[in-house]
Number of protein chains: 2
Amino acid sequence: MGREKYLGEFEFLVIAALLRLGKNAYGVSVRSEIKKRTGRQVSFGAVYTTLDRLESKSLVRSRSGEATPSRGGRPKKHFEVTARGVDAMKRTLESVQSMVDGIDTAWNLP
Amino acid sequence: MGREKYLGEFEFLVIAALLRLGKNAYGVSVRSEIKKRTGRQVSFGAVYTTLDRLESKSLVRSRSGEATPSRGGRPKKHFEVTARGVDAMKRTLESVQSMVDGIDTAWNLP
DNA sequence: AGTATTAATTCTACAATGTAGAATATATCC
DNA sequence: GGATATATTCTACATTGTAGAATTAATACT
């Protein structure tokens, strides 16, 4: 049995973005989704590096190349979350929630 | 304005543990609280290193030395979360939740 | 064909955080 | 003082976070 791993803070956001974006998930859209929802500023480098690392850990998978992008530019590289990726996300979210449960209301945390 | 920072995954757990433990928060109890609630295995090194780093970022504060520990052993070093620490926690939790919101039910994540 | 324009990804580099385990310190008791 | 108990500090390295410049690939235009 491989030791259970947990997602880093940013890795978590990236995987969540992939899940929400579904079919339309690729570097640029992941970045804007995170910016849009969290309001935080995110560099391309951060996103692509993280996507690569997640892929080499098999938490994410990519299918490259797009048929015909009607307008110029490099082809997109689409990503999707693997089953293992979803598991890692669940595990991570579970530990966060088990620790936060209770104090959230006491300290009126979100 | 200093750029908004976010807590790392483990830093988050440690701060949460401090909040729950209140008056009784110190290295050893933080470790066991995290183990107990999340079921994950946690080394002392991880906890103390993180606590130190959080302190140097002023997200946490420590008051050292205990009056009379009725039974032998080195004195405890107690920790508490600063206002900035609570803020960082809120910010971090907010971005996690804003990204997870919606998919949690769709993917039956915790 | 050659060049400009657009869209997106890859590379490079370094900072911050995660993690373990041995070593060390401090206190009590006999 | 030596044994025992309790807790923290140190050392070292692996993984994750983050930014921005450079590069690649495609289309459109002249």
Side-chain angles (χ1 to χ4, degrees), chain A residues 2-15 21 24-35 38 40-57 59-60 62-79 88 92 95-96, chain B residues 2-15 21 24-35 38 40-57 59-60 62-79 88 92 95-96:
Chain A
R3 180 166 273 82
E4 310 279 283
K5 294 301 301 305
Y6 300 86
L7 299 174
E9 216 271 316
F10 193 68
E11 290 182 319
F12 185 96
L13 301 185
V14 168
I15 292 208
L21 291 166
N24 189 40
Y26 68 104
V28 173
S29 67
V30 165
R31 173 174 179 253
S32 52
E33 180 74 7
I34 297 177
K35 289 185 70 168
T38 67
R40 46 202 268 194
Q41 136 270 16
V42 182
S43 69
F44 286 112
V47 172
Y48 285 108
T49 304
T50 299
L51 244 14
D52 277 2
R53 289 172 182 166
L54 289 173
E55 182 161 35
S56 61
K57 289 188 287 184
L59 300 181
V60 141
S62 70
R63 53 202 156 86
S64 227
E66 202 63 346
T68 311
S70 46
R71 264 184 249 149
R74 191 170 178 165
K76 297 171 181 170
K77 186 172 174 185
H78 285 180
F79 286 88
T92 305
S95 44
V96 165
Chain B
R3 180 167 274 79
E4 309 279 282
K5 293 301 299 302
Y6 300 88
L7 299 174
E9 215 272 316
F10 192 67
E11 290 182 318
F12 185 95
L13 301 185
V14 168
I15 291 206
L21 291 165
N24 189 40
Y26 68 105
V28 173
S29 66
V30 165
R31 174 175 179 251
S32 52
E33 180 74 7
I34 297 177
K35 289 185 72 169
T38 68
R40 48 203 268 194
Q41 136 271 16
V42 182
S43 69
F44 287 112
V47 172
Y48 285 107
T49 305
T50 300
L51 245 13
D52 277 1
R53 289 172 182 166
L54 288 173
E55 182 161 35
S56 61
K57 287 188 288 184
L59 300 181
V60 140
S62 71
R63 54 203 155 85
S64 227
E66 203 62 345
T68 311
S70 46
R71 266 184 247 148
R74 189 170 179 166
K76 298 171 181 170
K77 187 171 173 184
H78 286 182
F79 285 88
T92 305
S95 43
V96 166

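Throughout, protein chains are lettered first and strands after them, A, B, ... in sequence-line order, and every chain is numbered starting at 1. What you see below is based on every heavy atom in this structure, not just the backbone, and it leaves out hydrogens, waters and symmetry mates.
We find that CD of B:Glu11 is positioned 12 Å from C1' of D:dT16, with the value rounded to whole Å. Taking atom CD1 of residue B:Ile34 and atom P of nucleotide C:dG18, one finds them 11 Å apart after rounding to whole Å. Taking atom CD of B:Glu55 as the reference point, atom P of C:dT17 lies 15 Å away to the nearest angstrom. Regarding B:Arg63, its CZ atom lies at a distance of 15 Å from the P atom of D:dA7, rounded to whole Å. Distance, A:Asn24 CG to C:dA8 C1': 13 Å, rounded to whole Å. The distance between atom CG of A:Leu13 and atom P of D:dT16, rounded to the nearest whole Å, is 15 Å. Here the P atom of nucleotide C:dT17 and the CG atom of B:Leu59 are 9 Å apart, to the nearest Å. One can place CG of B:Leu7 at 15 Å from C1' of D:dT16, the figure rounded to the nearest angstrom.
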Which atom pairs link the protein and nucleotides 2-5 of chain D when you take only N or O atoms and keep those under 3.5 Å?
none

Would you list the protein and nucleotides 19-22 of chain C atom pairs, both N or O, that sit under 3.5 Å from each other?
residue	atom	partner	partner atom	Å
C:dA20	OP1	B:Gln41	OE1	3.4
C:dA20	OP1	B:Gln41	NE2	2.5
C:dA20	OP2	B:Ser43	N	3.2
C:dA20	OP2	B:Ser43	OG	3.0

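For B:Glu9, the salt bridge (charged side-chain N to carboxylate O under 4.0 Å, His left out) partners are B:Arg40, not counting sequence neighbours. With sequence neighbours excluded, the residues that form a side-chain contact (heavy atoms from CB on, under 4.5 Å) with A:Ser62 are A:Glu55, A:Lys77, A:Phe79. A:Lys35 meets the salt bridge (charged side-chain N to carboxylate O under 4.0 Å, His left out) test with no other residue; sequence neighbours excluded. Under the side chain to side chain donor-acceptor pair (under 3.5 Å) criterion, A:Lys5 pairs with no residue at all, not counting sequence neighbours.
In this structure, CG in B:Leu59 is found 12.0 Å from OG1 in B:Thr50, a value given to the nearest 0.5 Å. Within the model, atoms NE2 of B:His78 and OG of B:Ser64 stand 9.5 Å from one another, a figure rounded to the nearest 0.5 Å.
Side-chain proximity of A:Val28 to the nucleotides D:dG17, D:dA7, C:dA8 is greatest for C:dA8.
Listed here is the closest heavy atom pair of B:Ser29 and B:Asn24: OG-O, 2.8 Å.
Applying the 4.0 Å criterion to OP1 and OP2 of D:dA26, one finds that A:Lys76 has every side-chain N and O outside that range. In this structure, B:Lys57 does not reach the C:dA16 phosphate: none of its side-chain N or O atoms is under 4.0 Å from OP1 or OP2.
With B:Ser95 contributing its side chain and B:Thr92 its backbone, the two residues share a donor-acceptor pair below 3.5 Å.
Inter-residue side-chain proximity for B:Thr49 and B:Arg53 is flagged as met; some heavy-atom pair is nearer than 4.5 Å.
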